[in-house]
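Down below is the structure, laid out as structure tokens.
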Amino acid sequence: MQIKPFRIEQYFGKYEFTARYLLSSSDAESRTIKELLDLEPGAHERLLEHWCGYTESPGAPWLREAIAAIYQQIKSGDVLVLAAAEEGIFVLYHALVGPGDHVIVETPCYESGLELARSTGAQVSEWRRTFESGWAHDVAALEKLIQPNTKVIYINTPHNPTGLLMPAPVFRQVLALAASRNIILFSDEVYRELEHDPATRLPAACEGYERGVSLGSMSKTYGLPGLRLGWLASRDPEIIRRCLEFKYYTTICSSAPSEFLTALALRHREVLVQRNLQIVLGNLRLLDAFIQQRPHWFDWVKPNAGPIGFAHFKPERDVLGFCEEVVCDSGVLLLPGTVYEQPRHIRFGFGRKNMPESLAQFGACLDAHS
Ligand SMILES: Cc1ncc(COP(=O)(O)O)c(C=O)c1O
């Protein structure tokens, strides 16, 4: 298997745990295990008594029930629990795709959505979106990319890095297109439930189409990436079965304490979502004003879902060099668009409680540059 370096994670690996002000994180504010346990009387004692043996490979039945409850038509048997979304992407592609197959990936995207498809030996086409067209989705272009051997279409909504939701009519067209050719629609929904207006939430792909597969995670909306717990949900039993067969070779089963804490968190997910949504909405107001006040530096399509956004960087400067200078001089971590093949962009993250402080530091740094 040939796999390219994961530039997003490499960049974060270099700075995330030393930079003082994180202004590009992709997750919402986290919480401690104690804060999670405090959500439910008796949870502390039950965690201490929780058995630490192997768990069932598809995921503990009570956890799959809790995950299925996020959806309407999904049953616990339609869910496969995995070590966060990252394992879900790896397992789905490697279980279902190989040389001779064709995959279409919406880009720019979180790198593993593209590179893990390539690592299977399949031919991969990009369904490209651009800032110049307002990050619009060109469905006619998607249709042209489809080949007789197209096995999977990967989409991501709400979207990393733009923080934009796929418009509902486009989502319906993509589902219909995949259904008309019997193509698996692999829908990365790790930011679902963090739409800035909950009324704009899209149906999950696993509910809209029999061969739709929804990828979920505790990492982003719920702010619990340290649990390393995610899932695939699909009403096609063959897809879930083949992914399970592959999971036997990756992690066999999930972490028992994480399964316990995830089920607990999901029983109270409204509390987690509400707190994180309030942080995101307050921070976005500040960040949008910051960008509007600096038209010589930035310009963007304002995000409408999730805790990240992708700003166009206007100076004729090397964006990677700029971001490295900023982190070294002021301790503010930005993510250069070069890691998405978008050298004129910077990713901002606004899901953290201390984001106003990070933004003020970045403002002072820009003033010094001006
Ligand atoms: C769109 C998208 N998918 C998947 C992942 C991986 O998330 P996890 O931490 O659940 O493995 C990320 C992480 O940034 C992401 O942004």
Side-chain angles (χ1 to χ4, degrees), residues 26-92 94-95 112 188-194 204 206 213-235 237 239-273 275-276:
S26 64
D27 50 357
E29 181 80 10
S30 196
R31 53 180 76 212
T32 64
I33 291 176
K34 179 176 183 314
E35 285 168 325
L36 271 184
L37 294 173
D38 285 348
L39 290 169
E40 205 167 283
H44 185 257
E45 293 70 25
R46 279 189 281 123
L47 176 64
L48 294 182
E49 295 299 327
H50 194 69
W51 192 252
C52 250
Y54 280 108
T55 71
E56 293 183 45
S57 290
W62 37 267
L63 173 58
R64 282 184 290 150
E65 290 283 343
I67 293 168
I70 296 173
Y71 307 99
Q72 270 143 37
Q73 305 167 48
I74 294 299
K75 302 194 177 53
S76 60
D78 303 330
V79 173
L80 176 63
V81 177
L82 294 151
E86 196 59 51
E87 189 187 15
I89 299 173
F90 189 91
V91 161
L92 183 126
H94 281 272
S112 50
D188 185 331
E189 298 170 3
V190 299
Y191 292 104
R192 195 158 179 269
E193 296 196 308
L194 208 54
C206 59
V213 185
S214 293
L215 176 68
S217 173
M218 295 309 289
S219 301
K220 309 296 180 185
T221 298
Y222 311 112
L224 300 169
L227 293 181
R228 304 313 299 141
L229 201 130
W231 59 89
L232 293 168
S234 176
R235 288 179 294 142
I239 292 177
I240 294 296
R241 189 192 64 74
R242 286 179 62 182
C243 290
L244 171 63
E245 292 296 324
F246 206 93
K247 182 186 175 182
Y248 292 137
Y249 281 111
T250 51
T251 53
I252 303 175
C253 71
S254 302
S255 146
S258 290
E259 288 197 325
F260 177 95
L261 291 168
T262 298
L264 168 67
L266 288 180
R267 285 195 292 275
H268 301 274
R269 71 183 212 282
E270 269 310 306
V271 177
L272 309 192
V273 171
R275 199 234 15 211
N276 289 347

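Quick caveat: nothing in here was measured; it's all calculated off a predicted structure.
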Which residues pass the ring-ring contact (aromatic ring centres under 6.0 Å, His included) test with F90, sequence neighbours left out?
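ring-ring contact (aromatic ring centres under 6.0 Å, His included) check on F90 returns H94.
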
At their closest point, which heavy atom of [X] faces which heavy atom of [Y], and how far apart are they?
{"X": "A83", "Y": "T251", "value": "CB-CG2, 4.3 Å"}
{"X": "V190", "Y": "A85", "value": "CG1-CB, 3.6 Å"}
{"X": "F260", "Y": "A43", "value": "CZ-O, 3.7 Å"}
{"X": "L232", "Y": "C243", "value": "CD1-SG, 3.9 Å"}
{"X": "E65", "Y": "S76", "value": "OE2-OG, 3.5 Å"}
{"X": "D78", "Y": "I240", "value": "O-CD1, 3.4 Å"}

Can you tell me if CD on Q72 sees more than 12 non-hydrogen neighbours from other groups inside 6.0 Å?
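Open.
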
Counting only heavy atoms not in L47 (residues, nucleotides, ligands), do more than 12 fall under 6.0 Å from its CG?
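Atom CG in L47 is crowded, with more than 12 foreign heavy atoms closer than 6.0 Å.
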
Does any part of the side chain of [Y], heavy atoms only, come nearer than 4.5 Å to the side chain of [X], both counted from C-beta?
{"X": "R31", "Y": "L224", "answer": "yes"}
{"X": "M218", "Y": "L261", "answer": "no"}
{"X": "R192", "Y": "T221", "answer": "no"}
{"X": "L80", "Y": "W231", "answer": "no"}
{"X": "V91", "Y": "Y249", "answer": "no"}
{"X": "H44", "Y": "K34", "answer": "no"}
{"X": "E189", "Y": "L215", "answer": "no"}
{"X": "E87", "Y": "R228", "answer": "no"}

Between [X] (side chain) and [Y] (backbone), is there a donor-acceptor pair under 3.5 Å?
{"X": "R235", "Y": "C206", "value": "yes"}
{"X": "R275", "Y": "E29", "value": "yes"}
{"X": "Y191", "Y": "S26", "value": "yes"}

Partners of S217 by side-chain hydrogen bond (donor to acceptor under 3.5 Å, both in side chains), sequence neighbours excluded?
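By the side-chain hydrogen bond (donor to acceptor under 3.5 Å, both in side chains) rule, S217 matches S219.
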
Would you compute the distance between atom [atom1] of [X] and atom [atom2] of [Y] and round it to the nearest 0.5 angstrom?
{"X": "S234", "Y": "R241", "atom1": "OG", "atom2": "CZ", "answer": "13.0 Å"}
{"X": "Y222", "Y": "T262", "atom1": "OH", "atom2": "OG1", "answer": "10.5 Å"}
{"X": "E35", "Y": "L272", "atom1": "CD", "atom2": "CG", "answer": "10.5 Å"}

For residues 51-61, which side-chain N or O atoms pair as donor and acceptor with protein atoms under 3.5 Å away, sequence neighbours left out?
from, atom 1, to, atom 2, distance (Å)
T55, OG1, S254, O, 3.4
T55, OG1, E259, OE1, 3.4
S57, OG, I252, O, 2.7

